[in-house]
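Just so you know, these numbers use all the heavy atoms, side chains as well, and skip hydrogens, waters and symmetry mates. Everything numeric in this text was worked out from a predicted model, so none of it was measured.
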Protein chains: 2
Amino acid sequence: MKKGLSETCYRFFVNLANPTRLATLEQLMKKPMSVNELAESLGQEQSMVSHNLKPLLECNFVYIERDGKKRIYFANKETIGALLKVVENHAQNFCPTGGKCHLKES
Amino acid sequence: MKKGLSETCYRFFVNLANPTRLATLEQLMKKPMSVNELAESLGQEQSMVSHNLKPLLECNFVYIERDGKKRIYFANKETIGALLKVVENHAQNFCPTGGKCHLKES
DNA sequence: AGTTTATATGAAGGATAATACATATGAAGT
DNA sequence: ACTTCATATGTATTATCCTTCATATAAACT
């Protein structure tokens, strides 16, 4: 396998290719939240949210600020915002179904 | 699971979260190629390249033009170019290791 | 129509990641 | 120091995706 930019990108996209993590980022783009607030707003268990926050944190897609016992997670708006713009633009211009193509019901 | 933008994005990123497909896009950003040319330049089997081109095509990350027996694949430069810029920017600004963090040797 | 070349598809096996449950850490307040 | 609250981690099962080999399609040329 030839190596290049694709190698740099790989972890980046693997990290994003997960519904829980995408939903997490979506929530955090609206407002910063603690883990439990995230869990509640996502309807997921706390441990699952924690598990998925870890890779997001490692790649600096999110960052933390402490608030007493809580840890408030913030989205990296620069990267995530830019990314969402690309996706939206692609969906508008190149997806016949506006981004809903081949989507399996889950 | 709450549904929203994350749902639109999911297939998008799943599609990109694959080293073969990323390498394919990287090659096609340089120049359009047939399947066999791609296979050779990637050092992969033809069937594997074909398998991986399929989802790229479905999401319109690439498109085809016929040339006799060959099918020349083109990258969607608008989307892929914008995407790579976001990744590069993120790597520069937010990755301590410039995008090489936690990369396993393969 | 048959042959060759180019590409696509099917299906099985193995690898990898996601989820859920249980438990551990760790900070704050008493 | 003990308790409580908030979050993180470990592990096993399950689900998902990737790859490979074999085969099918399909166009162009004879």
Side-chain angles (χ1 to χ4, degrees), chain A residues 1-2 6-7 9-25 27-28 32-59 61-74 102-106, chain B residues 1-2 6-7 9-25 27-28 32-59 61-74 102-106:
Chain A
M1 170 78 60
K2 201 158 185 177
S6 51
E7 210 175 352
C9 297
Y10 179 60
R11 282 206 120 238
F12 188 101
F13 290 123
V14 164
N15 208 331
L16 295 168
N18 175 289
T20 302
R21 291 195 286 276
L22 285 172
T24 299
L25 290 172
Q27 292 299 108
L28 294 181
M33 276 188 248
S34 71
V35 177
N36 278 326
E37 287 173 314
L38 270 171
E40 191 177 0
S41 74
L42 294 171
Q44 298 287 143
E45 291 196 5
Q46 175 268 316
S47 76
M48 178 164 169
V49 174
S50 271
H51 273 300
N52 281 294
L53 280 168
K54 193 180 181 183
L56 292 176
L57 195 58
E58 281 174 354
C59 279
F61 290 147
V62 302
Y63 58 95
I64 300 184
E65 281 181 18
R66 296 193 133 283
D67 175 25
K69 290 184 201 174
K70 298 183 183 176
R71 300 187 183 189
I72 309 300
Y73 280 81
F74 293 71
H102 302 284
L103 205 62
K104 291 175 201 157
E105 286 301 309
S106 57
Chain B
M1 170 77 60
K2 200 158 189 179
S6 51
E7 209 173 354
C9 297
Y10 179 59
R11 284 205 119 240
F12 188 100
F13 290 122
V14 165
N15 208 332
L16 296 168
N18 176 289
T20 303
R21 291 195 286 277
L22 286 172
T24 299
L25 289 172
Q27 293 298 109
L28 293 181
M33 277 188 248
S34 72
V35 178
N36 278 327
E37 287 173 314
L38 269 171
E40 192 177 358
S41 74
L42 294 172
Q44 299 286 144
E45 291 195 5
Q46 175 269 316
S47 75
M48 180 164 167
V49 174
S50 271
H51 273 301
N52 282 293
L53 280 168
K54 193 180 182 185
L56 292 176
L57 195 59
E58 282 175 354
C59 278
F61 290 146
V62 302
Y63 58 95
I64 301 184
E65 281 180 18
R66 295 194 133 281
D67 174 25
K69 289 183 200 174
K70 298 183 182 176
R71 301 187 183 189
I72 309 300
Y73 280 80
F74 293 71
H102 303 284
L103 206 61
K104 291 174 201 158
E105 286 302 310
S106 56

Checklist line | Separation of atom CG in A/Asn52 from atom C1' in C/dA20, rounded to whole Å | finding: 12 Å
When the side chains of residues 47-57 of chain A are checked against the rest of the protein, which donor-acceptor pairs come out under 3.5 Å, sequence neighbours left out?
unit_1	atom_1	unit_2	atom_2	d
A/Ser50	OG	A/Gln46	NE2	3.1
A/Asn52	OD1	A/Arg21	NH1	2.8
A/Asn52	ND2	A/Met48	O	3.0

Note to self: Tell me the interatomic distance from B/Glu45, atom CD, to D/dT23, atom C1', rounded to whole angstroms.
What the structure shows: 14 Å
Check: Distance check: side-chain N/O of A/Arg66 vs OP1/OP2 of D/dA6, anything under 4.0 Å?
Finding: no
Checklist line | Closest nucleotide among C/dT19, D/dT20, D/dA8 to the A/Met48 side chain | finding: C/dT19
Check: To the nearest angstrom, how far is B/Glu40 atom CD from C/dT7 atom P?
Finding: 12 Å
Item checked: Nearest-angstrom distance from the residue atom CZ of A/Arg21 to P of D/dT16 -> 15 Å
Item checked: Rounded distance (nearest 0.5 Å) linking atom CG of B/Leu38 with atom CG of B/Leu28 -> 4.5 Å
Item checked: Distance test, side-chain N/O of A/Tyr73 to OP1/OP2 of D/dA8, below 4.0 Å -> yes
Next item on the list: Taking the side chain as every heavy atom from C-beta outward, state whether A/Asp67 and A/Glu65 have any atom pair closer than 4.5 Å.
Entry: no
Margin query: Without decimals, in angstroms, what is the distance between B/Leu53 CG and D/dT19 C1'?
Written below: 15 Å
Next item on the list: Compare side-chain N and O positions of B/Asn36 against OP1 and OP2 of C/dT7 and report whether any pair is under 4.0 Å apart.
Entry: yes
Check: What are the two closest heavy atoms between B/Phe61 and B/Leu25, and how far apart are they?
Finding: O-CD2, 4.0 Å
Next item on the list: For A/Lys54 and D/dG10, give me the distance from atom NZ to atom C1', rounded to whole Å.
Entry: 10 Å
Next item on the list: Please check the phosphate of C/dA27 (OP1 and OP2 only) for any side-chain N or O of A/Arg71 closer than 4.0 Å.
Entry: no
Notebook entry, point to check: Does C/dA18 have OP1 or OP2 sitting under 4.0 Å from an N or O in the side chain of A/Thr20?
Noted result: no
Check: Would you say D/dC18 has OP1 or OP2 under 4.0 Å from some side-chain N or O of B/Asn18?
Finding: yes
Check: Heavy atoms under 4.0 Å, any strand shown: does B/Ser34 hit a base, just sugar-phosphate, or nothing?
Finding: sugar-phosphate
Next item on the list: Rounded off to whole Å, could you give me the CG-to-C1' distance for the A/Leu38 and D/dA6 pair?
Entry: 13 Å
Check: Whole-Å distance between C/dT16 P and A/Arg11 CZ?
Finding: 14 Å
Item checked: First encountered from the 5' end of DNA chain C, between B/His51 and B/Glu37 -> B/Glu37
Margin query: Taking atom types as they are modelled, would you say the side chain of B/Gln46 forms a donor-acceptor pair with the base of C/dA8 within the 3.5 Å cutoff?
Written below: yes
Margin query: Does B/Lys69 reach a base, just sugar-phosphate, or nothing at all? Heavy atoms under 4.0 Å.
Written below: base
Note to self: Looking at every heavy atom in both A/Asn18 and A/Thr20, which two are closest together, and how far apart are they?
What the structure shows: OD1-N, 2.8 Å
